[in-house]
Amino acid sequence: MDDVIANFDLVLKAFGLTMGLFLVSGVASLLLGALLASMRVGPVAVLARAASLYVTIVRNTPLLMIFIFMAIAGPRLGFTFKAVEDLSVGDWSVSAFFFRSCLALTLYTSAFVCEALRSGINAVPLGQAEAARTIGLTFVGSMRTVILPQAIRAAVPPLTSVQIALLKNTSVAAAFGMLEATARMKFFSNRNGDDRVLIFLTFAVGYVILVELVSAVGAVLERRWAVSR
Amino acid sequence: MSANVLFDAPGPRTRARHRLYSALGLLLLAALAAAVILRFADRGQFEYRLWEPFVTPEFDRALLVDGLLKTLQMAALSILFAVVFGLLFGVGKLSEHRLLRWPSWLVVEFFRAVPVLLMMYFLYFAYGVGADGIGAYWCVVIALTVYNGAVLAEVFRAGIAAVPRGQAEAAYALGMRKSQVMNIVLLPQAVKIMLPSIISQCVVALKDTSLGFAIGAPGLTAVGKQMYGEFQNQVQAALVVAAIYIVVNLMLTWVATWVQRKYVGERKPLEPAAFGLTDADTGLSTIR
């Protein structure tokens with residue numbers, strides 16, 4: 001345990017990387033998920049089918065398999081993503097591992113984001129849309145002023161659950177070369193065989209704190225945006 | 001809300017526009033498919049020797065028996081144990097005694113928040129590895145048991161809370177004891193509500209068995225790894241293994257929907273409450 005305390009900056013750095021994976025793929029999955037959801041509820045049948053097929057396939061594939069596609073099968077097809085290593089944000093240079101992990105997490109999570117958003121739209125009572133049409137609002141008008149504000153509010157609780165799942169899923173990146181919190185626990189655990197339980201608890205509590213943080217943000221948003229029905 | 005009320009019945013111009021969007025969408029999808037096929041051809045991924053293992057009975061048997069069967073076994077065992085675990089702590093969370101309620105709450109919240117892979121690594125390196133260790137197989141089962149058990153505990157609690165209060169009151173009025181009320185009156189009614197959620201949790205468990213890959217546990221993903229290790233057909237192995245997972249999961253989802261329709265009716269399936277929130281009574285008022 002002394003080893004962990006002496007090297008606590010490594011623990012923090014690892015959780016920083018976990019947060020980095022979470023934030024990047026969280027934002028990206030919200031965007032891709034919103035695109036998928038709008039394709040699914042939109043009037044163009046081809047796009048609706050395509051989005052629904054994507055969601056069905058991805059939801060039933062283990063995340064680990066998606067990581068295998070990105071990290072092991074991808075290079076065989078020439079997708080190594082080495083090009084991103086030329087990019088750098090400030091002092092941070094993006095590694096191909098980080099990019100691949102974010103890509104896998106985003107592709108996986110966006111299917112669940114799509115479902116959460118769709119359930120939000122389904123939660124808006126039919127009468128709201130009918131009333132909006134009746135008072136002469138156009139499609140854009142009724143969407144912008146009546147449907148979406150209610151749908152987004154209704155989607156906050158399921159979206160929070162999806163993002164919490166994403167936060168925990170970042171741990172899968174540990175098996176594919178990212179030295180984030182889970183991989184760091186493995187590192188410390190193998191260096192200090194006698195303290196395995198304490199080391200596990202330290203990292204587990206780290207995850208619990210992050211999860212409670214995300215869930216608290218979700219609860220605040222839910223309360224602030226609550227509508228009385 | 002059905003989406004079609006959002007639009008007027010499309011007129012000729014809108015229909016023409018939708019046709020245009022459909023054509024553009026189809027074109028885009030076709031281009032995507034063509035790009036994938038071209039890339040496959042370009043890299044020689046259509047070569048027969050790369051696909052051959054998957055049409056060889058010997059390897060198919062390995063995939064299905066050593067792979068799928070082991071995966072199903074691990075998932076089934078962990079769901080079985082998780083139901084027991086969830087029942088114990090779900091009922092514990094409803095207990096009137098603080099000494100039971102608080103530890104149950106703590107256990108459930110903890111195991112729900114800890115990533116399964118972190119749990120697996122810990123179990124494997126602390127207890128699994130070595131001659132007297134329990135082995136990777138049981139590490140996967142235990143890690144999945146505690147995670148899914150914690151999720152199911154929340155489902156059970158919500159399910160029991162969904163039984164109308166009059167049922168428990170009537171049972172008490174007949175002179176039943178607390179354990180009798182739970183065992184004879186509440187649980188049998190709650191099980192019916194919870195069944196679809198338990199089956200959908202099987203899908204989660206099945207998908208998560210693949211995490212055993214990281215600690216060298218047996219299963220479908222592990223067999224896939226062996227095959228691409230031997231034949232260097234990473235792409236094909238990944239596609240085949242993913243397809244097997246998808247088919248099995250779709251079958252499970254289909255069973256869950258069927259059970260839902262047959263035993264529960266049109267009510268929404270129970271969903272575990274979000275973290276920290278323990279008020280799951282919302283939307284769960286009456287049983288049929």
Side-chain angles (χ1 to χ4, degrees), chain A residues 41-47 50 56-57 59-65 68-69 72-73 75-78 121-126 128-130 133 139 142-143 147 157 160-161 164 168-172 174-175 181-182 185-186 189-190 196-197 200 203-204 207-208 211-212 214-216 218-219, chain B residues 1-8 10 14 18 21-22 25-26 29 39-40 42-43 45 109-110 112-119 121-122 125-126 203 206-211 213-214 221 224-225 228 232-235 237-239 241-242 245-250 253 271-272 274-277:
Chain A
V41 300
V44 183
V46 175
L47 295 182
T56 309
I57 288 179
R59 260 169 47 130
N60 288 304
T61 310
L63 174 60
L64 195 106
M65 284 309 298
I68 287 183
F69 273 113
I72 294 172
R76 303 289 294 183
L77 289 169
I121 292 178
N122 283 332
V124 179
L126 188 60
Q128 297 284 325
E130 287 172 347
R133 300 297 299 180
F139 171 69
S142 68
M143 268 309 218
I147 314 285
T160 311
S161 306
I164 287 171
K168 293 190 293 169
N169 281 337
T170 56
S171 63
V172 180
T182 296
M185 185 214 66
K186 192 176 144 194
S189 179
N190 285 343
R196 290 210 159 103
V197 177
F200 165 69
F203 281 86
Y207 273 108
V208 171
V211 164
E212 293 296 337
V214 176
S215 119
Chain B
M1 192 188 71
S2 70
N4 53 13
V5 79
L6 296 174
F7 318 105
D8 278 331
T14 317
H18 286 176
Y21 290 156
S22 299
L26 268 180
L29 293 174
R39 179 63 77 122
F40 266 63
D42 193 34
R43 300 270 159 175
Q45 296 297 327
E109 287 291 295
F110 179 78
R112 255 170 25 139
V114 173
V116 178
L117 191 63
L118 189 81
M119 195 75 204
Y121 274 143
F122 163 65
F125 289 114
V203 174
L206 194 74
K207 280 165 62 180
D208 282 350
T209 51
S210 66
L211 292 174
F213 172 87
T221 320
K225 186 185 178 187
Y228 72 63
Q232 292 303 305
N233 55 352
Q234 280 84 347
V235 182
L239 283 173
V241 169
Y245 274 114
I246 291 169
V247 168
V248 174
N249 282 332
L250 281 179
T253 311
E271 280 183 15
F275 282 83
L277 308 173

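Just so it is clear, the model here is predicted, and its values are computed rather than measured.
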When every non-hydrogen atom of A:F69 is compared with those of B:A242, the smallest separation belongs to CE1-CB, 3.9 Å
Below 4.5 Å, heavy atoms only, C-beta onward: do B:E109 and A:V208 meet side chain to side chain? no
Under 4.5 Å to a heavy atom of chain B? For A:I57 that would be both
If one checks every heavy atom of A:V197 against chain B at 4.5 Å, the contacting part turns out to be both
B:Y245 and A:N60: CA distance, side-chain angles, deciding distance, side-chain contact (heavy atoms from CB on, under 4.5 Å) verdict = CA-CA 7 Å; B:Y245 274 114; A:N60 288 304; over 6 Å; no
For B:T253, the side-chain hydrogen bond (donor to acceptor under 3.5 Å, both in side chains) test, sequence neighbours excluded, returns none
Side-chain heavy atoms of B:F122 within contact of A:S189, under 4.5 Å
no
In terms of heavy-atom pairs under 4.5 Å with chain B, the winner among A:A174, A:A204, A:G218, A:A175 is A:A204
Minimal heavy-atom distance between A:K168 and B:P115, with the atoms involved, is O-CB, 3.6 Å
The interface call for B:V235 against chain A, heavy-atom contacts under 4.5 Å, is both
Rounded to the nearest 0.5 Å, the NZ atom of B:K225 sits from the CD1 atom of A:I72 at a distance of 7.5 Å
CZ (A:F203) and CG (B:L118) are apart, to the nearest 0.5 Å, by 8.0 Å
To the nearest 0.5 Å, atom CE of B:M119 lies from atom CE of A:M185 at 9.5 Å
When the 4.5 angstrom heavy-atom criterion is applied to B:L26 and chain A, the contacting part is both
d(B:N249 CG, A:T56 OG1) to nearest 0.5 Å is 12.0 Å
All heavy atoms of A:P62 vs all of B:K207, minimum pair found to be CB-O, 3.4 Å
Answer key: most heavy-atom pairs under 4.5 Å with chain A among B:A237, B:G224, B:A126 is B:A126
In short, B:A113 meets A:V211 closest at the heavy-atom pair O-CG2, 3.8 Å
**Asked** Are any non-hydrogen side-chain atoms of B:F125 and A:N190 less than 4.5 angstrom apart?
**Response** yes
Rounded to the nearest 0.5 angstrom, the CG-CD1 distance for B:L239 and A:I68 is 11.5 Å
Heavy-atom side-chain contact between A:M65 and B:T221 under 4.5 Å
yes
For A:V46 and B:G25 the tightest heavy-atom approach is CG1-C, 4.3 Å
Minimal heavy-atom distance between A:S171 and B:L117, with the atoms involved, is O-CD2, 3.2 Å
Turns out that what part of B:Y228 lies under 4.5 Å from chain A's heavy atoms comes down to side chain
One should read off an interatomic distance between A:T182 OG1 and B:Y121 OH, to the nearest 0.5 angstrom, of 8.0 Å
